[in-house]
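First the structure, in the form of structure tokens, and then the observations on it.
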Amino acid sequence: MYGKPVLLVIAHGSRDPRHAATVHALVRQVRSLRPDVRVETGFLDFNVPSVQGVLGSLAAEGVRDVVALPLLLTRAFHAKADIPAVLGAAPARLRIRQAEVLGPSPLLLCALERRLYEAGLTPADKSSTGVVLASAGSTDPEAIAVIADIAREWRHTGWCAVRPAFASASLPRTEDAVRELRELGCERVAVAPYVLAPGFLPDRIARGAAEADVLAEVLGPAPEVARLLLERYDAARRPALAALGA
């Protein structure tokens with residue numbers, strides 16, 4: 001009988017205490033959905049416990065199998081470099097599988113819409129509302145292209161228009177996308193932060209939304225995000241199950 005691998009959620013970390021609080025709230029959601037899975041949280045920077053510390057503790061306990069899940073929406077630098085480097089330095093007794101990042105996923109689009117409806121919109125508003133899909137931004141062209149693709153896909157679900165925007169590294173900024181949607185003639189403009197937790201860049205998105213009609217909350221512990229974490233966990237452990245004949 002083989003036990004389930006430990007799910008290690010890897011968050012970036014922030015000096016802003018709201019960041020860690022939101023990550024922990026999301027992890028509580030995941031635990032409530034799958035009480036049979038042990039879920040731990042580690043941070044790359046600023047917060048404790050560190051990823052290295054959690055991995056060391058798990059190895060000391062005798063844990064063998066871990067699924068490391070990057071709490072990231074795109075495959076940018078942290079997913080491609082930082083996290084593999086940290087996992088590569090883990091204790092040798094651990095068998096670690098790195099799960100895919102969260103995005104893109106239909107569940108994230110559902111979570112974005114949930115936040116917009118919580119902010120006051122209704123499904124009847126979609127055809128007359130332009131939406132700014134506001135992400136943190138990245139210097140990685142692949143990550144930027146993914147955000148643009150998501151905006152195009154989301155537009156096809158009935159919104160008047162959807163424009164991507166970025167809080168750093170790339171253009172346009174949130175305020176520029178808001179103005180563009182106004183010029184297109186959208187009856188109202190909403191800003192949907194495509195970020196998981198509060199912090200410096202989400203605050204910049206909020207400032208850029210000053211002229212919008214609606215500003216949604218960050219994705220945070222939305223039920224769809226919790227479900228997505230478990231989807232990524234299950235996908236990562238599937239090859240190991242197949243090897244065991246399970």
Nearest heavy-atom neighbours spanning Ala222 and Arg114 = CB-CD, 4.3 Å
Would Glu224 and Arg227 pass as an ion pair if we require N to O under 4.0 Å?
-> no
Leu69, Val51: one ILVMFWY side-chain cluster at the under-4.5 Å cut-off?
-> no
Arg232 side chain to Leu102 main-chain N or O, any donor-acceptor pair under 3.5 Å?
-> yes
State yes or no: do Val63 and Val9 share one hydrophobic cluster built from I, L, V, M, F, W and Y residues joined by side-chain heavy-atom distances below 4.5 Å, directly or via other members?
-> no
Can you name the side-chain hydrogen bond (donor to acceptor under 3.5 Å, both in side chains) partners of Thr129, sequence neighbours left out?
-> Arg188
Taking Asp203 for its side chain and Pro198 for its backbone only, find out whether a donor-acceptor pair lies under 3.5 Å.
-> no
Please round to the nearest 0.5 Å and tell me the distance separating atom CG of Leu8 and atom OH of Tyr233.
-> 11.5 Å
Check Val131 against Ala192 and note the closest heavy-atom contact, atom names and distance.
-> CG1-CB, 4.0 Å
Main-chain N/O of Ala136 paired with Ser168 side-chain donor or acceptor, under 3.5 Å | yes
Non-hydrogen side-chain atoms of Thr74 and Val101 separated by less than 4.5 Å | no
Going by an N to O cut-off under 4.0 Å, is there a salt bridge joining Lys4 and Asp234?
-> no
Heavy-atom donor-acceptor pair, Gln29 side chain to Pro221 backbone, under 3.5 Å | yes
Verify side chain to side chain contact (heavy atoms under 4.5 Å, CB included) between Trp154 and Glu113, making sure each step is shown before the conclusion.
-> CA-CA 10 Å; Trp154 203 16; Glu113 295 205 353; 2.9 Å; yes
Taking side-chain hydrogen bond (donor to acceptor under 3.5 Å, both in side chains) as the test, write out the residues that go with Gln98, two or more places apart.
-> none
CG (Leu181) and CG (Asp176) are apart, to the nearest 0.5 Å, by 11.0 Å
Closest approach of Asp140 to Ala76 (non-hydrogen atoms, all atoms of both residues) | OD2-CA, 3.8 Å
Tell me, please, which residues at least two apart from Arg38 pass side-chain hydrogen bond (donor to acceptor under 3.5 Å, both in side chains).
-> Glu40, Glu61
Answer yes if Val86 and Val6 sit in the same cluster of Ile, Leu, Val, Met, Phe, Trp and Tyr residues linked by side chain heavy atoms under 4.5 Å apart, and no otherwise.
-> yes
Polar side-chain atom of Asp213 near backbone of Val189 as donor-acceptor pair, under 3.5 Å = yes
Using the test side-chain contact (heavy atoms from CB on, under 4.5 Å), find all partners of Pro202 that sit at least two apart in sequence or belong to another chain.
-> Val195, Val218
Decide yes or no for Leu133 and Leu112: does some side-chain heavy atom of the first lie under 4.5 Å from some side-chain heavy atom of the second?
-> yes
Do Leu55 and Gln52 have side-chain heavy atoms sitting under 4.5 Å apart?
-> no
Could you tell me whether the side chain of Val225 reaches within less than 4.5 Å of the side chain of Leu107, counting heavy atoms only?
-> no
Short side-chain to backbone donor-acceptor contact, Arg115 and Leu219, under 3.5 Å = yes
Are Leu230 and Val30 close enough, and set up right, to give a side chain to side chain contact (heavy atoms under 4.5 Å, CB included), and what steps lead you there?
-> CA-CA 7 Å; Leu230 289 168; Val30 174; 3.7 Å; yes
Considering non-hydrogen atoms only, spot the tightest contact between Leu72 and Leu196 and give its length.
-> N-CD1, 4.2 Å
Smallest separation among heavy atoms of Ala236 and Arg97, with atom names = O-CD, 3.0 Å
Output the distance between atom OG (Ser138) and atom CZ (Arg75), rounded to the nearest 0.5 Å.
-> 11.5 Å
Nearest non-hydrogen partners of Ala68 and Pro70, listed with the distance = O-CD, 3.5 Å
Extract all donor-acceptor atom pairs below 3.5 Å that involve side chains of residues 142-153 and protein atoms in other chains or at least two apart in sequence.
{"unit_1": "Glu142", "atom_1": "OE1", "unit_2": "Lys80", "atom_2": "NZ", "d": "2.7"}
{"unit_1": "Asp149", "atom_1": "OD1", "unit_2": "Arg152", "atom_2": "NH2", "d": "2.2"}

Taking everything shown except Glu217 itself, do over 12 heavy atoms lie less than 6.0 Å from its CD?
-> no
If you measure from CZ on Arg31 to NE2 on His24, what distance do you get to the nearest 0.5 Å?
-> 9.0 Å
Counting heavy atoms not belonging to Arg93, are there more than 12 under 6.0 Å from its CZ?
-> yes
Take Leu71 and Leu26 through the side chain to side chain contact (heavy atoms under 4.5 Å, CB included) test and state the conclusion after the steps.
-> CA-CA 10 Å; Leu71 200 59; Leu26 174 58; 3.8 Å; yes
Supply the atom-to-atom distance Phe166 CZ to Ile205 CD1, rounded to the nearest 0.5 angstrom.
-> 10.5 Å
Can you list the other members of the hydrophobic cluster that holds Val48, where links are side-chain heavy atoms under 4.5 angstrom apart?
-> none
CD1-CD1 distance between Ile96 and Ile83, expressed to the nearest 0.5 angstrom = 12.0 Å
Under a single-linkage definition using a 4.5 Å side-chain heavy-atom cutoff for Ile, Leu, Val, Met, Phe, Trp and Tyr, are Val37 and Val23 assigned to the same hydrophobic cluster?
-> yes
Go through the steps for Leu171 and Arg173 under the test side chain to side chain contact (heavy atoms under 4.5 Å, CB included), then give the verdict.
-> CA-CA 5 Å; Leu171 295 174; Arg173 294 286 182 255; 3.8 Å; yes
For the residue pair His19 and His12, categorise the inter-ring angle as parallel (less than 30°), tilted (30 to 60°) or perpendicular (more than 60°).
-> perpendicular
